[in-house]
Amino acid sequence: MASRSDLRVIRMRDSHLPEVFSLIDKENWGWEFAEIQQIYRLDPGSSVVALDGRDVAGLVTCIDFGSTAFIVHVIVRNGWRRRGVGVRMMENVLADLDSRGASTVELHANPEAVDFYGPFSFKRLEDISYYSKVPPHTHHRARPDRPAYSWLSPGDTSLMSEVMSSSTGYVRDDLERALSCMPPGQVLAKAGDCRTSALLLSRTGLELNGAGPWFMDGPTKAEAEGMMQTMLSAVPAKRTDVLAPESNEVAKAALESCGFSMAKAGIVRLARSSRPTGRFPSSVLSIGHLGLI
Ligand SMILES: CC(C)(COP(=O)(O)OP(=O)(O)OC[C@H]1O[C@@H](n2cnc3c(N)ncnc32)[C@H](O)[C@@H]1OP(=O)(O)O)[C@@H](O)C(=O)NCCC(=O)NCCS
């Protein structure tokens, strides 16, 4: 093994993706190769690898949406850990984002690794939980007390980004660019009475559906449950994952009554920002798997 000073931290390239995926896969976080390719395609300029000769010793995947950037994976190969590789990669990525003017960098940290991010000025915004549901997704008949939703065209990025921006506070242009590069598989929405609701199926893999972001303005548990059931009745019969803010009791109750189980609690949403940042409002029932989307 080379010494730390022999390691090179460089921009990730297409040719690194198989080894990058193999390192991510070892962590058992449930990502698929096609998704790592999608992340890279969404932003081929912000992710880095640490190379030991030609071998990938570490990686940071990152998507710069414009004003906000999201760090998706930070991994150092076993054997290279606690030797400063993670810090070197993070410094490289953050310096690059700073030079491009990204005002906020967000990530979802494993509870065990939160302290790693403190020295880079990341602050804890809120805890989130990861819920999962295995098929079958029972098809419930619509009940009269449940509002009807319509399926939006995933290509209608303008309307979607407007709704998402007003709920989450993310910059509309960032959302529109992200959605047009990576359109969701399904979008369920309802607008009326000055209340807009939307639930996206933003992440689809061979074995999973990643549902979210999900916004509802002041829903009851029954309304939230009705919306999620409507989405479940339309998604492919695969495991369905959702990330929900831990403080959102309506989301928690609705997910549990739809058959979701909590797979991991205590994931921490962190941000490093030159703008005021905080937890999402209660209208955000679930968040995106890639930050904004
Ligand atoms: C977390 C991880 C990326 C850190 O990379 P690394 O190269 O080992 O970290 P560094 O050597 O640069 O660490 C610098 C400092 O960060 C802190 N640190 C490192 N790993 C840490 C961890 N897992 N938890 C908390 N603090 C950590 C320590 O203070 C460390 O300094 P020290 O070694 O002098 O005590 C690496 O341990 C890893 O790949 N873990 C498994 C995957 C993972 O959990 N990734 C993070 C997902 S949010």
Side-chain angles (χ1 to χ4, degrees), residues 1-12 16-33 35-36 39-40 43 46-53 55-64 68-97 104-132 203 210 212 241 243-246 262-273 277 279 287-292:
M1 186 184 286
S3 72
R4 178 181 176 247
S5 55
D6 293 332
L7 274 190
R8 288 181 305 139
V9 175
I10 62 164
R11 296 291 108 200
M12 192 178 286
H16 298 132
L17 294 185
E19 235 189 306
V20 162
F21 173 67
S22 144
L23 269 186
I24 293 172
D25 199 38
K26 281 203 183 88
E27 298 298 323
N28 285 320
W29 290 336
W31 293 86
E32 296 181 4
F33 184 59
E35 296 180 287
I36 308 308
I39 291 168
Y40 180 75
D43 178 358
S46 300
S47 301
V48 300
V49 285
L51 290 184
D52 169 11
D55 298 335
V56 174
L59 60 97
V60 175
T61 61
C62 174
I63 307 166
D64 180 5
T68 302
F70 188 73
I71 291 180
V72 192
H73 307 96
V74 183
I75 300 176
V76 172
R77 189 183 286 283
N78 247 327
W80 271 106
R81 289 182 188 170
R82 300 307 265 248
R83 296 171 67 188
V85 179
V87 166
R88 268 183 65 188
M89 293 191 300
M90 286 293 292
E91 284 173 350
N92 187 308
V93 167
L94 294 173
D96 187 43
L97 292 172
T104 303
V105 184
E106 279 202 25
L107 59 87
H108 300 157
N110 275 331
E112 318 76 62
V114 170
D115 292 346
F116 171 71
Y117 299 100
F120 306 107
S121 308
F122 279 90
K123 303 271 180 286
R124 179 185 282 260
L125 299 185
E126 62 192 314
D127 287 357
I128 50 185
S129 301
Y130 158 40
Y131 290 84
S132 201
R203 182 181 169 214
D241 294 347
L243 285 170
E246 244 159 62
M262 194 190 280
K264 182 155 182 152
I267 299 165
V268 186
R269 183 172 158 242
L270 297 173
R272 169 190 192 265
S273 185
T277 42
R279 62 168 53 178
I287 62 180
H289 296 258
L290 299 179
L292 276 63

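Order of appearance sets the numbers: ligands from 1, and atoms from 1 within every ligand. Note that the structure is predicted; figures quoted are calculated from it, not measured.
Nearest non-hydrogen protein atom to atom 5 (O) of ligand 1 is V76 CG2, 3.5 Å. The protein heavy-atom contact nearest to atom 37 (O) of ligand 1 is R81 CD, 3.6 Å. Closest to atom 7 (O) of ligand 1, if we only count protein heavy atoms, is G86 N, 2.8 Å.
With ligand atoms numbered from 1 in the order given, ligand 1 contributes 10 (P), 11 (O), 12 (O) to contacts under 4.0 Å with heavy atoms of G84. Taking a cut-off of under 4.0 Å to the non-hydrogen atoms of A113, the atoms of ligand 1 that pass are 24 (N), 46 (C). Close approach to V85 involves these atoms of ligand 1, each under 4.0 Å from a residue heavy atom: 7 (O), 12 (O). Heavy-atom proximity to N110, at under 4.0 Å, picks out these atoms of ligand 1: 44 (O), 47 (C), 48 (S).
Between D96 and R11 the shortest side-chain heavy-atom distance falls below 4.5 Å.
For the pair E19 and R77, the salt-bridge criterion is met [side-chain N within less than 4.0 Å of a carboxylate O].
Within the set V74, I24, V87, the minimum heavy-atom distance to atom 43 (C) of ligand 1 is found for V74. One option in Y117, F120, F116 has a heavy atom closer to atom 48 (S) of ligand 1 than any other, and that option is Y117. By heavy-atom distance, the residue among M90, E112, R82 lying nearest atom 33 (O) of ligand 1 is R82.
For the pair P119 and D115, the tightest heavy-atom approach, listed with the atom from each and the gap, is CD-O, 3.5 Å. Scanning all heavy atoms of the two residues, the minimum distance from L290 to W31 falls at CD2-CH2, 3.8 Å.
Below 3.5 Å of separation, one finds an N or O of R83 facing an N or O of ligand 1.
Among L51, L23, L59, V48, the one residue that satisfies the side-chain contact (heavy atoms from CB on, under 4.5 Å) test with H16 is L51. Each of L270, L243, V268 was checked for a side-chain contact (heavy atoms from CB on, under 4.5 Å) with H108, and the lone residue meeting it is L243.
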*Show your working on side-chain hydrogen bond (donor to acceptor under 3.5 Å, both in side chains) between S273 and T104 and close with a plain yes or no.*
CA-CA 4 Å; S273 185; T104 303; 2.8 Å; yes
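For atom 24 (N) of ligand 1, a protein non-hydrogen atom is found at a distance below 4.0 Å. Under the 4.0 angstrom criterion, atom 2 (C) of ligand 1 counts as lacking any protein heavy-atom contact.
The side chain to side chain donor-acceptor pair (under 3.5 Å) test applied to R81 returns E27, not counting sequence neighbours. For D25, there are no side chain to side chain donor-acceptor pair (under 3.5 Å) partners two or more places apart in sequence or in a different chain.
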